[in-house]
Amino acid sequence: MAVSDSGPVVNTTPLVTLLERVQITALRSYPKKQSPDPKFYIDLSLKLPHNLSTVESAFNDLTSGSRDLSVPVEKLKTFVDQYFDGAGEDLLHHEPEDFVSDPSEFLLNVENKQVRDWAREVHGLWKTLSRKVSDSVREFPERHTLLPLPEPVIIPGSRFREVYYWDSYWVIKGLMTSKMFTTAKGLVTNLMSLVETYGYALNGARAYYTNRSQPPLLSSMVYEIYNVTKDEELVRKAIPVLLKEYEFWNSGKHKVVIRDASGADHILSRYYAMWNMPRPESAVFDQESASGFSNTLEKQRFHRDIATAAESGCDFSTRWMRNPPNFSTMATTSVVPVDLNVFLFKMELDLAFMMEIIGDANGKDRFTKAAKARERAFEAVFWNEKAGQWLDYWLSFDGDEPETWKAENQNTNVFASNFAPMWISSFNSDENLVKKVVKALENSGLIAPAGILTSLTNSGQQWDSPNGWAPQQEMIVTGLARSGLKEAKEMAEEIARRWVKSNYAVYKTSGTIHEKLDVSKIGEYGGGGEYKPQTGFGWSNGVILTFLEEFGWPSDLSIEP
């Protein structure tokens with residue numbers, strides 16, 4: 001018997017299993033150039049009055065004569081139309097109650113009329129991305145892969161027809177600028193309902209995402225909303241949910257212990273998906289990527305590392321490859337990532353802050369201590385004095401037992417994520433440290449004409465060069481801007497201006513905001529990866545508005561490239 005990967009696996013639903021078969025059949029039946037996005041199939045829902053067993057029988061009949069698992073395209077189309085409602089039909093357009101086309105005190109320090117007019121258009125995009133889950137999803141959950149949520153949602157856009165976890169933080173940042181506090185609070189309520197149901201916030205609100213989370217930013221979302229609204233009730237409701245999420249990231253397979261030279265143990269976290277098969281939304285790609293592995297164990301490990309890269313939000317990148325840019329060397333579960341631990345450090349600081357609000361002195365003390373311990377771990381495990389940045393750490397073993405820190409296990413390649421700790425006040429308030437980091441960032445090669453590159457390697461993967469992504473721009477820029485150092489603030493403003501200019505140029509030529517940019521030149525959207533470039537786009541809109549709020553735009557500064 002083949003040895004199997006005995007790590008945790010959270011099963012999906014019978015409907016997902018059937019839709020995955022339909023997806024694989026479709027991708028074998030269509031001519032290569034016409035093959036649909038595999039996610040389309042996995043987002044379908046069962047049409048009334050059919051039930052799952054009837055549809056399974058009909059599908060078995062459809063495919064019974066085909067050994068190679070392909071069927072005539074017209075027959076497949078007829079089958080899909082007969083038994084399924086279209087992808088996205090169970091998510092209805094919603095008019096957000098707190099949207100006004102020109103909010104009071106909106107971007108007061110944007111003096112340039114052209115930029116103000118465009119910012120209003122970006123603000124208007126919240127209406128086009130606002131949805132609510134249909135009643136059918138609540139009444140017949142087994143007929144849908146979409147999960148029921150209590151409040152309206154903001155979707156990222158295009159193929160992403162559901163709520164995503166970490167995207168929501170930058171969406172909320174933008175909603176705060178747009179004065180849409182009710183909508184922002186609704187997004188947090190939805191994510192909290194997922195934590196209450198599953199024990200963690202899911203990658204996205206779909207049945208096929210229940211096996212993994214995404215970068216843990218829920219506490220940061222609550223913090224942003226409280227900062228503006230002073231909503232204490234939200235903080236009270238959030239604390240037990242955040243404690244549950246904190247436990248998820250700091251126990252089991254997510255927890256790793258690194259022992260430093262003096263024998264001190266440092267507790268850190270890694271991404272680790274509870275899945276060792278092809279991802280249902282991309283099954284056909286994952287099967288193909290794993291085809292070079294001969295035994296079951298290798299395939300399962302590879303699938304887990306792929307799903308784990310999806311949990312990281314940065315799917316895919318040479319960051320996770322043992323031998324970049326060779327995709328089959330993905331080993332995400334072996335990486336202790338800088339940015340994940342930044343998010344958890346922030347969660348500890350947020351929880352200490354929230355405990356103080358509700359008057360829980362013990363809770364405040366517990367999380368202040370936890371944050372200090374993680375800060376020491378950053379110094380001992382990630383910081384590299386020579387490079388002037390924090391470096392991801394490669395585990396030597398499976399991460400289940402404590403292991404001793406080795407200098408050669410730091411990943412010395414340059415990634416935008418190496419500078420993510422600047423986002424945290426403990427780091428951006430240390431002037432000597434900021435000086436070193438600013439110098440390292442200046443010399444890193446990451447600062448490009450339109451923003452910060454994700455990495456220096458052009459691997460064809462979307463979280464590599466020449467792409468730049470909104471979350472990384474915002475974290476680094478905000479951190480630099482918060483520091484007391486003049487050159488850090490100037491660098492922050494320059495990067496933010498480049499990013500905004502490029503988004504403007506892309507918008508003017510394509511009529512849309514994109515999920516990522518090619519930052520090697522102004523006015524180009526990004527590409528690469530396993531799907532076509534997407535538009536909409538939640539977190540990009542949020543970061544544009546955040547940067548305009550933070551830095552304004554003088555009337556005499558042109559936004560034209």
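We use all heavy atoms of the structure for the numbers below, so side chains are in, but hydrogens, waters and symmetry mates are not.
Considering Y271, Y272, Y200 as possible partners of W249, the one that fulfils the ring pair (Phe, Tyr, Trp, His ring centres under 6.0 Å) test is Y271. Tested against W463, the residues W469, F316, W320, F415 include a single ring pair (Phe, Tyr, Trp, His ring centres under 6.0 Å) partner, W469. The one candidate from R212, R279, E281 that meets the side chain to side chain donor-acceptor pair (under 3.5 Å) condition with N203 is R212. When each of K299, R304, Q300 is tested with D5 by the rule side chain to side chain donor-acceptor pair (under 3.5 Å), just one qualifies, namely R304.
P8 is listed as a side-chain neighbour of K253, based on a closest heavy-atom distance under 4.5 Å. Residues L218 and M192 meet the side-chain proximity criterion, which asks for heavy atoms closer than 4.5 Å. Between E311 and Q214 the shortest side-chain heavy-atom distance does not fall below 4.5 Å. Under the 4.5 Å side-chain criterion, counting only non-hydrogen atoms from C-beta, P216 is in contact with M347. N276 places none of its side-chain heavy atoms less than 4.5 Å from the side chain of R301. The shortest side-chain heavy-atom distance between S269 and N341 falls under the 4.5 Å cut-off.
Aromatic rings from F427 and F378 are positioned such that their centres are separated by under 6.0 Å. The aromatic ring centroids of Y246 and F367 lie less than 6.0 Å from each other. Centroid-to-centroid, the aromatic rings of F59 and Y83 stay 6.0 Å apart or farther.
For T454 (side chain) and N467 (main-chain N/O), a donor-acceptor pair under 3.5 Å exists by modelled atom type. T457 places no side-chain N or O within 3.5 Å of a backbone atom of S459 that could act as its donor or acceptor partner. Side chain of Q23 to main chain of P38: a donor-acceptor pair is present (N/O by atom type, distance under 3.5 Å, no hydrogens or angles). Proximity of a side-chain donor or acceptor of D339 to a complementary backbone N or O of V342 within less than 3.5 Å is not detected. Here the side chain of D260 pairs a donor or acceptor atom with the backbone of A264 at under 3.5 angstrom.
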message = Between S136 and H144, is the side chain to side chain donor-acceptor pair (under 3.5 Å) condition met? List the steps.
response = CA-CA 8 Å; S136 169; H144 300 265; 2.7 Å; yes
key: Check against side chain to side chain donor-acceptor pair (under 3.5 Å), N250 and R374   = CA-CA 12 Å; N250 289 282; R374 202 173 299 259; 2.7 Å; yes
task = Go through the steps to decide whether Y525 and E515 satisfy the test side chain to side chain donor-acceptor pair (under 3.5 Å), and finish with yes or no.
result = CA-CA 8 Å; Y525 58 81; E515 69 166 334; over 6 Å; no
task = Go through Y531 and F160 one step at a time and tell me if the ring pair (Phe, Tyr, Trp, His ring centres under 6.0 Å) criterion holds.
result = CA-CA 11 Å; Y531 57 81; F160 300 112; 5.4 Å; yes
request  = Apply side chain to side chain donor-acceptor pair (under 3.5 Å) to W170 and E474, showing your working.
outcome  = CA-CA 9 Å; W170 288 279; E474 192 275 327; 2.8 Å; yes
Derivation and outcome, ring pair (Phe, Tyr, Trp, His ring centres under 6.0 Å), residues Y164 and Y209 = CA-CA 10 Å; Y164 281 79; Y209 284 146; 5.6 Å; yes
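No side-chain donor-acceptor contact under 3.5 Å links E151 and N190. A donor-acceptor pair shorter than 3.5 Å can be found between the side chains of Y208 and D43. Residues N418 and Q389 have side chains that bring a donor and an acceptor to within less than 3.5 angstrom of each other. Between the side chains of R259 and T404, no donor N or O sits under 3.5 Å from an acceptor N or O. Side chain to side chain, T54 and N51 meet the donor-acceptor criterion of an N or O pair below 3.5 Å. For the residue pair E530 / S282, a side-chain donor-acceptor distance below 3.5 Å is found, with atom types taken as modelled. Between the side chains of S396 and K406, at least one donor N or O lies within less than 3.5 Å of an accepting N or O. Donor-acceptor pairing under 3.5 Å is lacking for the side chains of T329 and N323. Using modelled atom types, one finds a donor on one side chain and an acceptor on the other under 3.5 Å when comparing S417 with R319.
If you take CZ on R161 and CG on L129, they are separated by 13.5 Å, rounding to the nearest 0.5 Å. To the nearest 0.5 angstrom, F382 atom CZ is 11.5 Å from W390 atom CH2. Of the inter-residue distances, the one linking L453 atom CG with L517 atom CG reads 11.5 Å to the nearest 0.5 angstrom. Atom OG of residue S220 and atom NZ of residue K346 lie 3.0 Å apart, to the nearest 0.5 angstrom.
Within a 6.0 Å radius of CD in E288, no more than 12 heavy atoms belonging to other residues, nucleotides or ligands are found.
A salt bridge is absent between D90 and R143; no separation between the charged side-chain nitrogens and carboxylate oxygens falls under 4.0 Å.
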